[in-house]
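Any value given below was found using the heavy atoms of this structure, including those in side chains, with hydrogens, waters and symmetry copies removed.
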Amino acid sequence: TWDWNQNVIERNVSSSLNFTCLYNLSPTRDHPCISWGSLSKTIPILLFFPEAVVSKDGSISSVGERYNMAFKIVRTESRLVREILTNHGFHEVHPNSNDFNLMWTGSHLKPYVLRSLQDFQKVNHFPRSHELTRKDRLYKNIQRMQQTHGFKNFHIVPQTFVLPAEYQEFCNCFAKDKGPWIIKPVASSRGRGIYLVSNPNQISMTENILVSRYINNPLLIDGFKFDVRLYVLVTSYDPLLIYVYEEGLARFATVKYDRTSKNIKNTFMHLTNYSVNKKSSDYVSCDDPEVEDYGNKWSMSAVLRYLKQEGKDTTSLMKQVEDLIVKAVLSAELQIATACKTFVPHKTNCFELYGFDVLIDSNLKPWLLEVNLSPSLACDAPLDLKIKASMIADMFSLVGECIRLFMFYVSKRKKHIFQCIEFLNHQISYQYES
């Protein structure tokens with residue numbers, strides 16, 4: 001169960017407003033998409049169901065249709081988000097429209113867009129979330145926490161240098177430890193521009209890059225290297241509210257791991273990104289969503305079951321993973337919370353889904369590789385759809401989508417518009433406009 005901070009806010013209530021009459025227009029108490037929260041069971045919570053992604057059910061879509069719920073998708077293509085919202089009765093509006101309840105965008109929002117948000121509107125990014133999702137900013141923020149709170153307490157990323165600014169420091173370190181080292185552009189995704197080096201002369205510095213100590217003792221399953229994609233939802237930075245989805249995806253390399261330097265250029269061995277390994281002739285996919293431990297993509301729970309059978313302490317491992325996630329978000333909390341106070345008019349306007357990529361070494365220590373802005377919601381395999389549809393449905397239920405119920409009353413003297421009930425993040429407000 002989720003522990004909600006529920007408040008009832010009443011403002012600008014007309015003294016002549018007949019609440020009993022209006023309450024009868026509120027969502028029915030036995031509707032499958034409405035859950036009634038708070039101790040008095042008076043706060044309606046809009047629920048989303050993953051099965052809606054494959055078929056439209058009238059009982060599920062009726063709430064969104066009845067209250068004219070709207071969404072828009074901007075600068076991205078997300079079939080999964082579109083299908084879940086549409087089949088819950090939401091209708092899609094033009095990307096330039098301001099008449100929406102939810103905006104789903106693939107990039108950061110301009111300050112003027114954030115400042116214009118109404119209290120019932122939600123967007124899927126916080127301002128300055130690049131403090132967490134740009135590789136150089138993430139490392140610098142974690143480095144600052146190491147200096148402030150102790151290196152051991154925030155030792156969640158491999159030793160890293162930002163080049164060209166820290167080139168001399170890197171060379172000094174390289175003289176003591178020849179590596180290998182892994183090179184990453186500071187603002188790329190899907191494995192683009194990543195390569196391994198065993199000598200500083202092999203590094204191309206045509207752009208800002210990150211050089212990190214390569215973890216050469218990864219935990220292997222059947223001889224293959226893998227990492228785990230975890231889905232993390234932040235619904236508020238002040239106060240900080242973090243949710244970790246219970247399931248994730250393990251992505252496997254397609255060539256068995258070999259620590260010798262002769263294979264340093266083999267990306268199918270050293271990189272676990274799906275976008276890289278799907279190009280390999282050795283890539284194996286699985287067409288059965290109920291089989292979660294076959295091929296080059298497993299569920300996280302299947303990995304944990306395997307490790308437990310091998311005698312590994314998976315409970316301790318997951319505690320370390322959760323600790324890593326919290327510390328990473330904390331490292332960027334101040335900057336993002338400050339930006340929210342500056343640009344976001346209402347505390348409930350923003351939420352964000354992050355994709356945390358975590359590598360586990362042979363000592364069962366998790367390492368944070370990167371945090372992804374707008375993690376991929378593509379469903380190239382049945383397992384993708386199974387995990388991501390449930391995750392997105394849970395995310396929208398947690399975010400607390402807004403239902404607005406309008407009643408129009410026409411008298412002989414003038415037309416009154418009562419905005420009767422507004423459900424926003426499980427808060428109820430009553431407004432009267434004439």
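Ring geometry, His88 versus Phe48: the interplanar angle falls from 30° to 60°, so the pair is classed tilted. Ring planes of Tyr167 and Phe170: tilted class, angle from 30 to 60°. Between His130 and His108, the ring-plane angle classifies as perpendicular under the 30° and 60° cut-offs. Between His155 and Trp367, the ring-plane angle classifies as perpendicular under the 30° and 60° cut-offs. Between Phe161 and Trp181, the ring-plane angle classifies as tilted under the 30° and 60° cut-offs.
Rounding to the nearest 0.5 angstrom, the gap separating the CG atom in Leu353 from the CG atom in Leu398 is 11.0 Å. For the atom pair Leu219 CG and Leu359 CG, the distance stands at 8.5 Å (nearest 0.5 Å). Between the CG atom of Leu334 and the CE atom of Met145 there is a distance of 9.5 Å, given to the nearest 0.5 Å.
A salt bridge links Glu92 with Arg82: the closest approach of a Lys/Arg side-chain nitrogen to an acidic carboxylate oxygen falls below 4.0 angstrom. Salt-bridge check for Lys319 with Glu322: failed, with every basic side-chain N at 4.0 Å or more from each acidic carboxylate O. Using a 4.0 Å cut-off between a side-chain N of Lys or Arg and a carboxylate O of Asp or Glu, Lys386 and Glu290 qualify as a salt bridge. Ion pair Arg305/Asp293 not flagged as a salt bridge, since none of the NZ, NE, NH1 or NH2 atoms sits closer than 4.0 Å to an Asp/Glu carboxylate oxygen.
Every residue meeting the side-chain hydrogen bond (donor to acceptor under 3.5 Å, both in side chains) condition with Asn277, not counting sequence neighbours, appears here in chain and number order: Thr254. The side-chain hydrogen bond (donor to acceptor under 3.5 Å, both in side chains) search around Lys140 returns Gln143, Glu166, not counting sequence neighbours.
Counting only distance, with no hydrogens or angles, the side chain of Glu247 and the backbone of Met300 share a donor-acceptor pair below 3.5 Å.
With hydrogens and angles left out, the side-chain atoms of Tyr214 and His270 include a donor and acceptor closer than 3.5 Å.
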Considering only distance and modelled atom types, tabulate donor-acceptor pairs under 3.5 Å from the side chains of residues 373-384, sequence neighbours left out.
from   : atom 1 : to     : atom 2 : distance (Å)
Ser374 : OG     : His125 : NE2    : 3.3
Ser376 : OG     : Ala378 : N      : 3.2
Asp380 : OD2    : Tyr274 : OH     : 3.1
Asp384 : OD1    : Lys297 : NZ     : 3.2
Asp384 : OD2    : Lys297 : NZ     : 3.0
Asp384 : OD2    : Asp380 : N      : 3.3
Asp384 : OD2    : Ala381 : N      : 3.2

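Under a cut-off of 6.0 angstrom, the local environment of CZ in Arg144 is crowded, with over 12 non-hydrogen atoms contributed by other residues, nucleotides or ligands. In Asp99, the CG atom is not crowded: 12 or fewer heavy atoms of neighbouring residues, nucleotides or ligands sit closer than 6.0 Å.
Residues Thr148 and Gln146 fail the side-chain proximity criterion, which asks for heavy atoms closer than 4.5 Å.
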